Structure formats: structure tokens, C-alpha cells
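Every heavy atom of this structure was used, including side-chain atoms; hydrogens, water molecules and symmetry mates were not. These numbers were taken from a predicted model, which means no experiment stands behind them.
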Amino acid sequence: MDDELDAVFFALADPTRRAMVAQLARGEATVNELAAPHAMSLPSASRHVKVLEAAGLISKRRDAQFRPCRLEADQLKRADEWMAPYRDFFEPRLDRLEQHLKTRMADKEGN
């Protein structure tokens, strides 16, 4: 795994940063807007944003006194490509689990 992909997985390992990525998937947001849903200080939010920015997951642009952040999907695509072989491993198992649970629910409702 290369250093860029390491940085992406490190950044996504934190639930606050994942929530920020999810928020940015809906559109640009300032650091204040990214911090608002979380019980954290603005400097703490800025540290999370810097980790996401260092991983190439987000970028900032200048808009007067604001610095809106936006999601950069290329790094997410690379992470998705890296996980593809593992998805092929788990999907059949998850399908069997789903079928098993449906059978159990049908048996339970039939009692």
C-alpha cells in the first residue's frame, strides 16, 4: 500500500472525519459548518480538516473571508478500488447471512 492510501485510511479511521466527509458529499462547507454538528472546538475541527486535506480527501478554496471545503472523490475511488477484492470475498457470505436471517424470521413468524 502506498503512502497516499495509508493517509486516506488513517483519515477515514476517525468517526468525526467520516462524518465530515459525508457532510461534504452533500456540498461545500466551511470549517465552522463542519464543526457545528459535533461537540468540539473550532481548533479541533480545523485539525480534523487538516488531516482530511493532507490525505487528499478534501480541498479548500478562497471565497472572500471564507474557505469552503469540498470533497475530492479521486482518493475515495482509489480506496474503493483497493477494497474491491475484499468486497468479492464478503458479498457472497453476506448474501448467505441475509438468506439465513430471512428464513429465521419466516420460521419465527410462522410459530
query: Under the side chain to side chain contact (heavy atoms under 4.5 Å, CB included) criterion, do Arg70 and Arg61 qualify, and how do the steps go?
result: CA-CA 8 Å; Arg70 62 181 277 190; Arg61 65 179 177 84; 5.5 Å; no

field: side-chain hydrogen bond (donor to acceptor under 3.5 Å, both in side chains) contacts touching residues 8-22 (sequence neighbours left out)
entry: Arg17-His48

query: Can you hop from Val8 to Val51 via hydrophobic side chains spaced under 4.5 Å?
result: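 No, because Val8 and Val51 fall into different hydrophobic clusters, even though each may have its own neighbours under 4.5 Å.
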
[X] vs [Y] side-chain heavy atoms within contact, under 4.5 Å:
{"X": "Arg62", "Y": "Arg67", "result": "yes"}
{"X": "Leu24", "Y": "Leu57", "result": "no"}
{"X": "Glu53", "Y": "Lys60", "result": "yes"}

Minimal non-hydrogen separation, Ala7 against Ala55, with atom names: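 So the two residues come closest at O-CB, 3.5 Å.
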
message: Minimum heavy-atom separation for Gln75 and Gly56, please, with both atom names.
response: CG-O, 3.4 Å

Find the distance between [atom1] ([X]) and [atom2] ([Y]) and round it off to the nearest 0.5 Å.
{"X": "Lys108", "Y": "Thr103", "atom1": "NZ", "atom2": "OG1", "result": "14.5 Å"}
{"X": "Glu28", "Y": "Leu34", "atom1": "CD", "atom2": "CG", "result": "10.5 Å"}
{"X": "Asp95", "Y": "Arg93", "atom1": "CG", "atom2": "CZ", "result": "12.0 Å"}
{"X": "Arg47", "Y": "Met40", "atom1": "CZ", "atom2": "CE", "result": "9.5 Å"}

field: Partner residues of Tyr86 under the ring pair (Phe, Tyr, Trp, His ring centres under 6.0 Å) criterion, sequence neighbours left out
entry: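 Tyr86: ring pair (Phe, Tyr, Trp, His ring centres under 6.0 Å) contacts with Trp82.
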
- request: Show your working on side chain to side chain contact (heavy atoms under 4.5 Å, CB included) between Arg96 and Gln99 and close with a plain yes or no.
  value: CA-CA 5 Å; Arg96 286 196 307 268; Gln99 186 58 44; 5.6 Å; no

task: Could you go through the side chain to side chain contact (heavy atoms under 4.5 Å, CB included) check for Leu52 and Met20 one step at a time?
output: CA-CA 9 Å; Leu52 292 169; Met20 289 177 165; 4.0 Å; yes

query: When clusters are formed from ILVMFWY side-chain contacts under 4.5 Å, directly or step by step, what else is grouped with Phe66?
result: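 For Phe66, no cluster forms, as it stays isolated from other hydrophobic side chains.
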
query: Is the shortest distance from a Lys or Arg side-chain nitrogen in Lys77 or Glu81 to a carboxylate oxygen in the other one below 4.0 Å?
result: no

Verdict with supporting geometry, Leu97 and Leu101, side chain to side chain contact (heavy atoms under 4.5 Å, CB included): CA-CA 6 Å; Leu97 176 62; Leu101 293 173; 4.1 Å; yes

query: Any donor-acceptor pair under 3.5 Å linking the side chain of Glu33 with the backbone of Thr30?
result: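 Flag set: sc Glu33 to bb Thr30 pair under 3.5 Å.
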
